[in-house]
There are 2 protein chains.
Amino acid sequence: MWKASGVNVFRLSRITDYGIVLMAHIAEQGDGSLHSARDVADQTELPLPVVSKILKSLTREGLLRSHRGSKGGYSLERSAAEITVPQLITALDGPIHLTECASHSGACAKEASCHVREPWQRINAAVEEALARITLSDLISTTPGSIVPLISLGVDTRELDTAAEKGRG
Amino acid sequence: MWKASGVNVFRLSRITDYGIVLMAHIAEQGDGSLHSARDVADQTELPLPVVSKILKSLTREGLLRSHRGSKGGYSLERSAAEITVPQLITALDGPIHLTECASHSGACAKEASCHVREPWQRINAAVEEALARITLSDLISTTPGSIVPLISLGVDTRELDTAAEKGRG
DNA sequence: GATTAATAGGACCGCATCCGTACTGTATGT
DNA sequence: ACATACAGTACGGATGCGGTCCTATTAATC
């Protein structure tokens with residue numbers, strides 16, 4: 001059966017997906033370590049042009065510090081604990097606006113007759129908040145059973161499951 | 001200056017955006033009320049074909065109940081308080097998987113060398129959880145100052161602002 | 001100073017897919 | 001019967017992501 005839109009529209013871009021992988025890789029080697037785009041590409045098994053492009057963007061957005069010339073490379077601008085997921089997303093995908101009308105007033109011609117604009121902004125804030133509580137260092141903590149990030153969110157995964165059940169009727 | 005990818009990729013589809021508006025409109029009239037696609041389209045000032053398409057999807061996903069024939073229309077299958085945002089998103093945009101590797105193992109050929117897969121799944125769950133705490137009735141509550149959904153999340157918006165500042169360096 | 005290695009910035013295009021429309025079929029009330 | 005309204009599908013245009021390539025600039029090394 002068809003759906004109104006695609007199969008899975010609510011996603012981050014592949015560039016951002018890769019970007020987080022790259023940042024995690026760099027962070028794993030220590031906050032001050034230096035990495036050339038080539039090295040990172042080799043070790044993550046991602047195409048060099050893509051890696052290069054992403055690292056350049058992250059540098060321009062202030063998340064990485066670049067060192068040009070021979071023996072150059074990239075290092076974290078701040079410590080991994082100070083880099084949050086929304087910062088990474090914003091750097092690569094642009095500001096987090098789940099819908100057009102969640103961003104700013106004036107974006108939608110139907111604003112006057114629409115009663116959902118302000119709630120959308122709240123939803124947007126809720127998502128951004130949830131993500132802001134997860135830092136790059138959380139992403140590289142290698143304790144498999146750890147649910148520290150979720151606990152800090154006050155998350156009870158049982159509720160999620162329950163809601164999903166109900167959603168499926 | 002260019003970016004690695006577009007200006008704002010992390011968004012819901014327009015169909016889902018509309019879908020929430022439509023559901024909110026229907027819910028506003030009361031849980032049992034009946035609405036034809038034409039009426040909803042007229043009142044929300046959205047194109048009828050689009051509205052029709054979305055309502056059909058929502059029906060098939062179990063969020064609306066349809067009544068065919070003359071004097072037919074759509075009504076909520078459940079009360080507005082029992083319909084959550086992730087259910088709406090899932091119905092129209094498909095399951096919430098922020099990235100490919102957040103969905104299921106085997107989707108990414110680089111799984112073996114990737115240390116970020118499990119954290120991505122946690123991020124995904126965090127977002128879904130945050131959204132699951134917001135119901136359709138929250139969206140139509142017309143109390144402008146209400147931050148009940150945010151409070152239930154334990155959200156402190158000052159932290160978000162601070163993080164955003166830091167992100168911009 | 002020449003050379004090499006590495007980042008900076010941007011141009012370009014194929015391809016996927018979202019968005020909206022149109023059309024046929026089926027059910028229901030008058 | 002007829003009109004109304006939903007069900008399901010097919011289809012095309014436009015947008016923009018995903019990935020590559022090229023040139024300029026900067027820094028270390030010999």
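Letters go in sequence order (proteins before strands), and every chain restarts at 1.
As a whole-Å value, the separation of L34(A) CG from dA5(C) P is 16 Å. Look at CG on D93(B): it is 12 Å from C1' on dC19(C), rounded to the nearest Å. Protein atom CZ of R11(B) is 16 Å distant from nucleotide atom C1' of dT17(C), rounded to whole Å. Look at CG on L22(A): it is 12 Å from P on dG19(D), rounded to the nearest Å. To the nearest angstrom, P of dC6(D) lies 18 Å from CD of E61(B). Per the geometry, NE2 belonging to H35(A) stands 12 Å off P belonging to dT7(C), to the nearest Å. Between the OH atom of Y74(A) and the C1' atom of dT26(D) there is a distance of 12 Å, given to the nearest Å. Between R38(B) atom CZ and dT4(D) atom C1' there is a gap of 10 Å when expressed in whole angstrom units.
Take R65(B) and apply the salt bridge (charged side-chain N to carboxylate O under 4.0 Å, His left out) test, not counting sequence neighbours, and it matches E77(B). Scored by the salt bridge (charged side-chain N to carboxylate O under 4.0 Å, His left out) test, R38(A) finds no partners at all (sequence neighbours excluded).
Residue S52(A) is out of contact with every strand shown, counting any heavy-atom pair closer than 4.0 Å.
Looking at heavy atoms from C-beta onward, V85(A) lies out of side-chain contact with T135(A) at the 4.5 angstrom threshold.
Side-chain contact, H25(B) with Q43(B): a donor N or O sits under 3.5 Å from an acceptor N or O. A donor and an acceptor atom, one from each side chain of T99(A) and H97(A), are nowhere located under 3.5 Å apart.
In terms of phosphate contacts, S66(B) brings a side-chain nitrogen or oxygen within less than 4.0 Å of OP1 or OP2 of dA7(D).
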Checklist outcome for this item: Scoring nucleotides 20-30 of chain C by protein non-hydrogen atoms under 4.0 Å (B base, S sugar-phosphate only, - none) yields BB---BBBBS-
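Side-chain atoms of T16(A) never come within 3.5 Å of backbone atoms of G19(A) as a donor-acceptor pair (strictly under, hydrogens ignored).
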